[in-house]
Structure formats: C-alpha cells, structure tokens
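Written out below as structure tokens is the structure these notes cover.
Chain identifiers are assigned alphabetically (A, B, ...) following the order of the sequence lines, protein sequences preceding nucleic acid strands; residue numbering begins at 1 within each chain. Model, not experiment: these values are computed from the prediction.
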Amino acid sequence: MNFAVFSEYLERIEGTTKRLEITAMLGEMFNALAPDEIDKVCYLLLGKIYPDFVGIELGIADALIQRALSIASGLKIEIVSEVLKNEGDIGTCAENVIRQKKQTALFSEPLTIERVYGNLCKIAESTGSGSQDYKLKLIAEMFHDAQPLEARYIARILAGSLRLGIAESTILDALAIVFLKDMEKNVARELLEDKYNLCSDIGLIAKSVKAQGMKGIENIGLKIGVPIRAMLASRAASMEELFDRMGKFAGEYKYDGLRIQAHISNSDIKLYSRRLENLTEQFPDVIRNLRSAFRGREGIFEGECVPIDPDTDEMLPFQEVSKRRGRKYGIEETMKQIPVCLFLFDCLYLDGREYLKNSYLERRKALETAFVETEHVKFSHMKIIEDMAECEQFFNEAISAGCEGIMAKNTGPEGVYKPGKRGFLWLKYKREYKSELADTLDLVVLGAFAGKGRRAGTYGALLTGVYNPEKDTYETICKLGTGFDDATLSQMPQKFATLTVKSRPKNVISKMEPDFWFVPMVVVEVQGAELTISPVHTCGYGIMKEGAGIAVRFPRFTGRWRDDKAPTDATTTGEIIEMYKKQLKRIEERDLPE
DNA sequence: CGTGACTGCCC
DNA sequence: ATTCTGC
DNA sequence: GCAGAATGGGCAGTCACG
C-alpha cells in the first residue's frame with residue numbers, strides 16, 4: 001500500500017473520537033492491506049516496529065526528528081522548534097515544515113509502507129560512531145519524499161505514538177470484526193485477546209487471522225520463554241472499598257521493586273519486565289537463586305524484585321534496584337552492591353499445567369509447592385483478610401516492613417489471572433492514599449512547559465519549587481503535570497500571563513529551563529508519594545547528598561490553588577529536609593518481620 | 001577521555 | 001507511576 | 001468502567017563533541 005493511502009486512512013480516523021467509528025475505519029484499512037503488510041502496520045500504529053520483548057528500538061524522539069526536519073527542509077533548527085512549540089504536536093509540526101519546503105522539492109519517489117517500515121528497521125539497526133548522522137539521513141530522505149500528510153504520520157511514528165486513540169485493544173476489536181466474521185462477535189473478540197495475551201505479539205496475531213482466520217491462531221498457546229502480558233491492579237480509594245468490592249480477600253504486601261515474570265525451563269531461566277522487556281542479563285543472581293529454590297521441572301512465575309541492604313537485609317528504596325535495570329556493564333559488581341530479594345506472588349504455569357484460569361488460592365498453592373523459600377527467594381507476605389481490624393493491622397505491618405501498601409486479591413472462582421487486564425480482581429491500596437499519611441506540599445509555581453497533543457496551546461506541566469527563607473530563594477522540587485482538568489488547563493496561560501517574564505528571576509535556583517518563566521507568586525497544593533534524591537532538582541542542594549537535591553515522587557495537583565498563601569508561606573527547604581530525614585528514619589527504625 | 005543531550009523504560 | 005475524558 | 005492520552009522522577013546506555 002502506498003504510504004499516502006495509509007495516511008489518508010489515518011487522517012480519517014483522526015477525524016473522530018467515537019470508538020465504534022475508529023474501529024470500523026481501522027477494519028476497513030485492515031481489509032485493504034496485503035497479508036505481508038498488516039503485521040507491519042499494526043506495529044506502526046503503535047509507534048513501534050517490533051513487539052516490546054524483541055528489544056530493538058528506534059532511538060528517535062522529538063529532538064532528533066526536529067533535526068531531521070531541519071535537514072530535510074533547510075529551515076534552521078530554532079525555526080522548527082518554534083513550530084513544534086506552537087503546534088504542540090511533532091506530527092503537524094512536520095506537516096507544516098514539509099508543506100513549506102514542498103514548493104522547491106523536485107524529484108521524489110512515492111513512499112510505500114514497505115519502504116517506510118524498511119527505513120525504520122535500518123534506523124533501529126544502525127549503531128556506533130556516525131550512526132546518528134546515518135539515521136538523520138534516512139529520516140530526512142523520507143521527509144524529502146513525503147507529502148505533508150505523510151510527514152505528519154511518519155513523524156508521529158518516529159516519536160512512538162500516532163495519537164489516534166488506537167492501542168492494542170482497538171486493533172483486536174477491528175481484527176475480530178473483519179477477519180472472524182463467521183463467529184459470534186464477542187466470542188471472536190475474546191478468543192483473539194486470549195491468544196494475544198499468550199504471545200504478546202499483535203503483528204503475529206493480525207497476520208495470522210488475516211491469512212487464515214481463526215485457524216491461523218488456534219495453535220498459539222502458552223509457551224515457556226514467551227512472555228505473557230502482565231495482569232494489573234486497580235487502585236482503591238479507601239480501605240472500605242477493598243471490602244465493598246470483594247468481601248474477604250487475600251492481602252499481600254505491595255513491595256516497591258521491579259515486577260518480574262520468570263520463565264523456568266530445564267535448560268534455562270528467562271526474566272521479563274512488566275512491559276515484557278527481557279531482563280535476564282541484568283539479574284544473574286536472581287537466575288541462580290531461582291534455580292536453587294525451584295522444586296519443579298518448569299514453570300512461569302511472577303514476583304517483585306526488591307533491593308536489599310547486603311548487611312542488614314532491609315529493603316532499600318526503589319531507586320537502588322533501578323541501578324540494575326538495563327545495565328550492560330559492571331553487572332557482577334552491582335550485583336554484590338545491590339543484592340535483591342524476589343518476592344514471588346503468582347504461578348501461571350507449572351509442570352505441564354496452565355494456571356491462568358485457576359483461582360487465586362489454587363495458583364498460590366501451586367506457587368508454594370513449586371518453591372522452597374531461600375534467603376533471596378521468598379513468597380510475598382500473604383494473609384486472608386476478613387475484617388477491617390485485620391486489614392488495618394496487615395496494612396500497618398506492610399508499612400513497617402517498608403512496603404508501599406497492600407494488594408487485595410479476589411479469592412473467589414472468578415479471581416483468575418487475566419493477562420493484560422487492569423480490573424478489580426486485584427486492588428492496590430497504598431500508604432500515600434491514606435490522608436493521614438499523605439505528604440501534601442504547598443509549592444510555588446516558577447515556570448511552565450508548553451503542552452503537547454490535547455494540551456497544545458496551554459501548559460503541559462508547571463515547574464514548582466519550595467521557598468528557602470535563609471537565602472530568600474526558590475528551589476525547584478518537581479514538575480507538575482497531572483491532576484489538572486481541562487477547564488483548569490485552558491485557563492492557566494491566562495492565570496500566569498501577568499507573571500510571565502522573559503528569563504529566570506534571579507532568586508529562582510534551577511537547573512531546568514522551562515518554556516516560560518514566572519515571577520514566584522502562585523502557590524499550588526501538590527500530593528506526592530515520597531521524597532527522592534534528585535540529580536536535577538535544586539531543593540536542599542548538597543544537603544542530603546553531594547551534588548544532588550530533593551524531588552517529589554509521583555507529584556500531582558490536588559485541585560487546590562493556595563491563593564491564601566504568599567510564596568514565602570510555601571513549604572520551605574528546611575521542612576523538606578526534615579521530611580526527608582523522617583522518611584529515612586522510618587526506614588531505619590522499622591522492625592522486619594521474622 | 002569526560003560531559004551533556006537524548007532516548008527508552010522502570011516506577 | 002497518577003489523573004482526566006469520551007464513549 | 002474501559003481505553004487512551006496527557007503528565008511525573010530517575011536510572012543506564014548511546015552518541016556527538018570538545
């Protein structure tokens with residue numbers, strides 16, 4: 001298919017927000033594609049070229065796309081940046097830039113899906129010295145041959161998202177409608193999803209059903225070594241909600257670490273992340289520990305990988321295990337510095353038997369027969385919770401143990417493992433949801449960043465900070481980009497218009513450069529999960545750690561502007577330092593169970 | 001050879 | 001991760 | 001209630017550049 005035709009389909013889809021219309025148009029396009037195109041198109045629709053678990057990435061985002069546009073158009077990079085800032089979308093930015101250039105373009109080869117996809121593969125494969133130039137050349141070449149509309153979608157694919165309201169689920173809807181016509185619609189959709197959840201490869205699914213309908217996917221099954229899409233938890237607003245939704249339930253500690261799916265076979269063990277990236281190389285210790293704790297022949301299990309202090313065995317902050325993720329060098333040393341404990345919580349497969357459709361307690365039992373606990377492989381702490389008092393106690397124990405909160409899991413027959421789903425069979429209830437324990441801060445708005453997509457034309461995020469009364473300065477502590485509703489967002493530029501200044505006020509200490517600077521004046525209420533040591537924020541710089549400040553983890557707007565507060569009444573650097581120390585103490589003083 | 005911009009992926 | 005919105 | 005799209009801090013790796 002010509003990329004121009006593909007682009008026209010996308011433009012039509014972009015013209016509606018109605019799910020049924022999107023799905024119908026998508027189906028229409030799937031019908032028109034060749035069998036060897038549909039898999040590629042599925043990846044492109046998601047802004048990718050392969051399934052996540054393949055581990056081949058484009059390595060391209062906004063900054064490099066702007067450079068490529070600059071090359072393709074001859075416009076200065078600053079001009080392209082300005083267009084992007086105004087458009088709030090890399091796609092329409094590219095479209096505009098290419099439209100301007102088109103008058104002078106002479107020869108161009110029409111683009112096809114094949115060619116674009118092929119170029120993207122070349123981009124992903126190229127590495128080493130000079131590779132960036134080569135990538136830019138390939139991109140610029142596509143832009144050179146692209147019509148403005150094609151440029152819009154090429155740019156968005158490169159940036160990793162088409163922003164059309166299409167994700168995996170919509171693709172499955174469309175596939176079910178057009179390629180499994182002879183089956184009852186809901187049955188077809190469910191079957192398709194089951195198969196997708198087991199192979200985690202949307203392209204493979206699409207290609208198979210396009211070629212042979214149901215027959216094409218009937219042989220897809222759970223397979224050791226092929227990651228299964230992770231089941232997720234919804235959040236509960238209160239402890240009561242846990243009981244309202246499931247009566248009694250299985251409570252588990254919610255550990256703050258990396259989610260790991262372990263595939264154990266006779267010959268080897270593979271580890272996958274929540275988004276199905278291969279983590280095997282980074283955790284040779286986990287592999288060894290699993291092997292010695294495992295009592296079965298083969299299986300698929302899930303657990304949380306938590307960093308622990310090598311001397312005291314206490315759980316460490318999430319930041320520590322982050323140092324092991326994605327590491328290619330110094331793996332052995334880091335392994336010794338930051339050992340981890342794997343807290344197993346689920347069994348999806350064991351010795352020839354699938355457990356996906358079994359209830360929670362059956363899976364838990366299989367898990368417990370499959371392993372003996374060792375120093376670094378344990379079962380997640382679990383207790384059947386029947387009433388509020390038990391729940392309170394369990395939650396407090398979890399917090400004392402250094403966990404984020406608790407999980408509540410449905411123990412009824414309906415409580416199966418639903419891959420890829422975020423339903424109400426699992427609920428999370430975290431420390432920070434509890435108002436008495438929630439850290440709420442009053443922060444001063446120091447600047448703002450231009451919004452993208454639906455936030456084009458307003459701010460995407462605010463730069464906020466604390467007040468330092470000793471120095472009479474404002475120090476950054478976090479950006480704030482979530483919790484705003486549309487009305488608040490649309491009024492924001494107006495709200496800050498009179499405070500907007502051309503450059504950073506002298507009393508603002510920041511390593512970040514927002515798109516707009518403000519005179520420190522407006523105070524905003526912010527909720528966060530905890531404080532972290534920050535390489536970029538300047539709050540309390542150098543106090544807790546040399547060359548580092550303090551930041552807020554998971555910051556969000558509570559909906560309250562503190563108009564009653566002057567900027568000098570905001571949370572102070574000193575208060576943050578105290579809070580950080582208190583947080584550390586909480587970790588030091590807690591008693592570990594056992 | 002060190003640094004900083006950029007990217008992708010954890011939460 | 002959290003949050004908001006259209007369907 | 002689901003699905004999708006906005007957005008956060010912070011880590012390691014890669015590459016260009018001085």
Side-chain angles (χ1 to χ4, degrees), chain A residues 16-23 48 52 55 57-67 88 126-135 159-170 172-173 232 234-235 256-260 273-277 279 282 304-305 317-331 334 404 421-424 428 430 432-433 449 451-456 458-464 477-489 526-537 548-559:
Chain A
T16 180
T17 54
K18 295 193 165 57
R19 316 248 19 115
L20 295 176
E21 287 179 14
I22 291 175
T23 311
K48 311 193 289 193
D52 288 336
E57 316 303 334
L58 283 172
I60 301 289
D62 281 9
L64 287 177
I65 299 170
Q66 288 177 70
R67 263 155 70 185
S126 86
T127 58
S129 182
S131 62
Q132 217 167 68
D133 270 353
Y134 178 64
K135 288 181 179 186
S161 168
L162 277 173
R163 302 192 27 252
L164 299 175
I166 296 173
E168 280 98 337
S169 172
T170 311
L172 291 174
D173 283 342
L232 306 170
S234 296
R235 64 172 273 179
D256 191 10
L258 284 182
R259 172 102 173 243
I260 281 189
S273 73
R274 202 190 95 165
R275 279 190 47 196
L276 314 184
E277 299 283 333
L279 296 176
Q282 282 73 43
E304 193 79 7
C305 178
F318 172 76
Q319 264 171 305
E320 294 303 313
V321 75
S322 283
K323 293 176 185 164
R324 299 197 48 182
R325 195 196 68 80
R327 181 171 286 280
K328 284 193 178 174
Y329 311 102
I331 289 173
T334 323
E404 296 179 287
K421 284 276 180 235
R422 187 190 299 277
F424 293 87
K428 56 181 161 184
K430 292 168 63 165
E432 48 168 313
Y433 306 161
F449 297 84
K452 293 180 180 174
R454 63 180 289 123
R455 300 208 184 159
T458 179
Y459 304 142
L462 302 176
L463 179 62
T464 69
I477 189 166
C478 65
K479 291 202 280 174
L480 183 62
T482 191
F484 307 111
D485 60 24
D486 282 0
T488 307
L489 278 168
V526 175
Q527 195 189 336
E530 60 179 349
L531 300 172
T532 59
I533 293 294
S534 171
V536 297
H537 288 288
I550 293 177
V552 181
R553 191 185 187 195
F554 307 145
R556 60 264 196 192
F557 178 48
T558 62

Query raised in the report: When you check the phosphate oxygens OP1 and OP2 of D:dG9, does a side-chain N or O of A:T532 lie under 4.0 Å from one of them?
Result: no

Report summary line: Walking DNA chain C from its 5' end, the first of A:Q527 and A:T16 to be reached, judged by nearest nucleotide, is A:Q527

Requested in this report: Report yes or no: does A:Q527 contribute a side-chain atom to a donor-acceptor pair with the main-chain N or O of A:P555 at less than 3.5 Å?
Outcome: no

Query - Distance in angstrom units between A:R454 CZ and D:dA3 P, rounded - result: 18 Å

Report task. Could you tell me whether A:S131 contacts a base, only the sugar-phosphate backbone, or nothing, with contacts defined as non-hydrogen atoms closer than 4.0 Å? Result -> sugar-phosphate

Requested in this report: Please work out if A:K428 contacts a base, only the sugar-phosphate, or nothing of the nucleic acid, heavy-atom cut-off 4.0 Å.
Outcome: sugar-phosphate

Query raised in the report: Which part of the nucleic acid, if any, lies within contact of A:L164, taking any heavy atom under 4.0 Å across all strands shown: a base, the sugar-phosphate backbone alone, or nothing?
Result: sugar-phosphate

Requested in this report: Indicate whether the side chain of A:D485 and that of A:T488 have a donor and an acceptor atom separated by less than 3.5 Å.
Outcome: yes

**Report entry** Whole-Å distance separating the CG atom of A:D173 from the P atom of D:dA3
**Finding:** 8 Å

Requested in this report: Please figure out whether A:D486 or A:T482 has its closest DNA chain C nucleotide nearer the 5' end.
Outcome: A:T482

Query raised in the report: Which part of the nucleic acid does A:Y459 contact within heavy-atom distance under 4.0 Å: base, sugar-phosphate only, or nothing?
Result: nothing

Query raised in the report: Is the side chain of A:T23 donor-acceptor paired with the backbone N or O of A:T170 at a distance under 3.5 Å, no angle test?
Result: no

Requested in this report: Using a 4.0 Å heavy-atom cut-off across all strands, classify A:G160 as base, sugar-phosphate, or nothing.
Outcome: nothing

Query raised in the report: Is A:L489 touching bases, backbone alone, or none of the nucleic acid, heavy atoms closer than 4.0 Å?
Result: nothing

Query raised in the report: With distance as the sole criterion, is a donor-acceptor pair present between the side chains of A:S273 and A:R259 under 3.5 Å?
Result: no

Query raised in the report: Is A:R454 salt-bridged to A:D486, cutoff N-O under 4.0 Å?
Result: yes

Requested in this report: Check side-chain hydrogen bond (donor to acceptor under 3.5 Å, both in side chains) between A:R274 and all other residues, then give those that pass, not counting sequence neighbours.
Outcome: none

Requested in this report: Answer yes or no: are there more than 12 heavy-atom neighbours, outside A:K452 itself, under 6.0 Å from its atom NZ?
Outcome: no

Query - Integer-rounded Å distance: D:dG1 C1' and A:F424 CZ - result: 6 Å

Query raised in the report: Would a distance-only check, ignoring hydrogens and angles, find a side-chain to backbone donor-acceptor pair under 3.5 Å from A:R553 to A:A551?
Result: no

Report task. Figure out the CG/P separation between A:D133 and D:dC17, and round it to whole Å. Result -> 7 Å

Query raised in the report: Could you give the CD-to-C1' distance, from A:E432 to D:dG9, as a whole number of Å?
Result: 13 Å

Query raised in the report: If only side-chain N and O atoms of A:K323 are considered, is one of them under 4.0 Å from the OP1 or OP2 phosphate oxygen of D:dC11?
Result: no

Query raised in the report: When the distance from CD of A:Q132 to C1' of D:dT14 is rounded to whole Å, what number comes out?
Result: 8 Å

Requested in this report: Would you indicate what A:R235 reaches in the nucleic acid, counting non-hydrogen atoms under 4.0 angstrom: base, sugar-phosphate, or nothing?
Outcome: sugar-phosphate

Report task. Side chain of A:R455 only, please: which of D:dA6, D:dC15, D:dG4 is the nearest? Result -> D:dA6

Requested in this report: Could you tell me whether A:S234 contacts a base, only the sugar-phosphate backbone, or nothing, with contacts defined as non-hydrogen atoms closer than 4.0 Å?
Outcome: nothing

Query raised in the report: If you look at every strand shown and take non-hydrogen atoms under 4.0 Å, does A:V321 touch a base, only sugar-phosphate, or nothing?
Result: nothing

Query - Letter per nucleotide, 5' to 3', of nucleotides 6-11 of chain B [B base touched, S only sugar-phosphate touched, - untouched; heavy atoms, 4.0 Å] - result: SSBBSB

Query - Interatomic distance, A:L162 CG vs D:dA5 C1' [rounded to whole Å] - result: 13 Å

Query raised in the report: With sugar-phosphate meaning primed atoms plus P, OP1 and OP2, does A:F557 contact a base, only sugar-phosphate, or nothing at under 4.0 Å between heavy atoms?
Result: nothing

Requested in this report: Mind checking the CG-NZ spacing from A:L232 to A:K428? Nearest 0.5 Å is all I need.
Outcome: 8.0 Å

**Report entry** Euclidean distance for C1', B:dT3 against C:dG6 (whole angstrom)
**Finding:** 46 Å

Requested in this report: Rounded off to whole Å, could you give me the CZ-to-P distance for the A:R327 and D:dC11 pair?
Outcome: 11 Å

Query raised in the report: How would you label the contact of A:G128 with the nucleic acid (heavy atoms, under 4.0 Å): base, sugar-phosphate, or nothing?
Result: sugar-phosphate

Requested in this report: Apply side-chain contact (heavy atoms from CB on, under 4.5 Å) to the pair A:L164 and A:I22, showing each step before the final yes or no.
Outcome: CA-CA 9 Å; A:L164 299 175; A:I22 291 175; over 6 Å; no

Query raised in the report: Does anyone know the first and last nucleotide of DNA chain C in reach of chain A, 5' to 3', at under 4.0 angstrom to a heavy atom?
Result: C:dA1 to C:dC7

Query - Position toward the 5' end of DNA chain D (nearest nucleotide), A:Y134 or A:G453 - result: A:G453

Query - A:R275/A:E277 salt bridge by N-O under 4.0 Å criterion - result: no

Query - Contact nearer the 5' end of DNA chain D, comparing A:K328 with A:R422 - result: A:R422

Requested in this report: Give a yes/no on whether any side-chain N or O of A:Q319 is located under 4.0 angstrom from OP1 or OP2 of D:dC11.
Outcome: yes

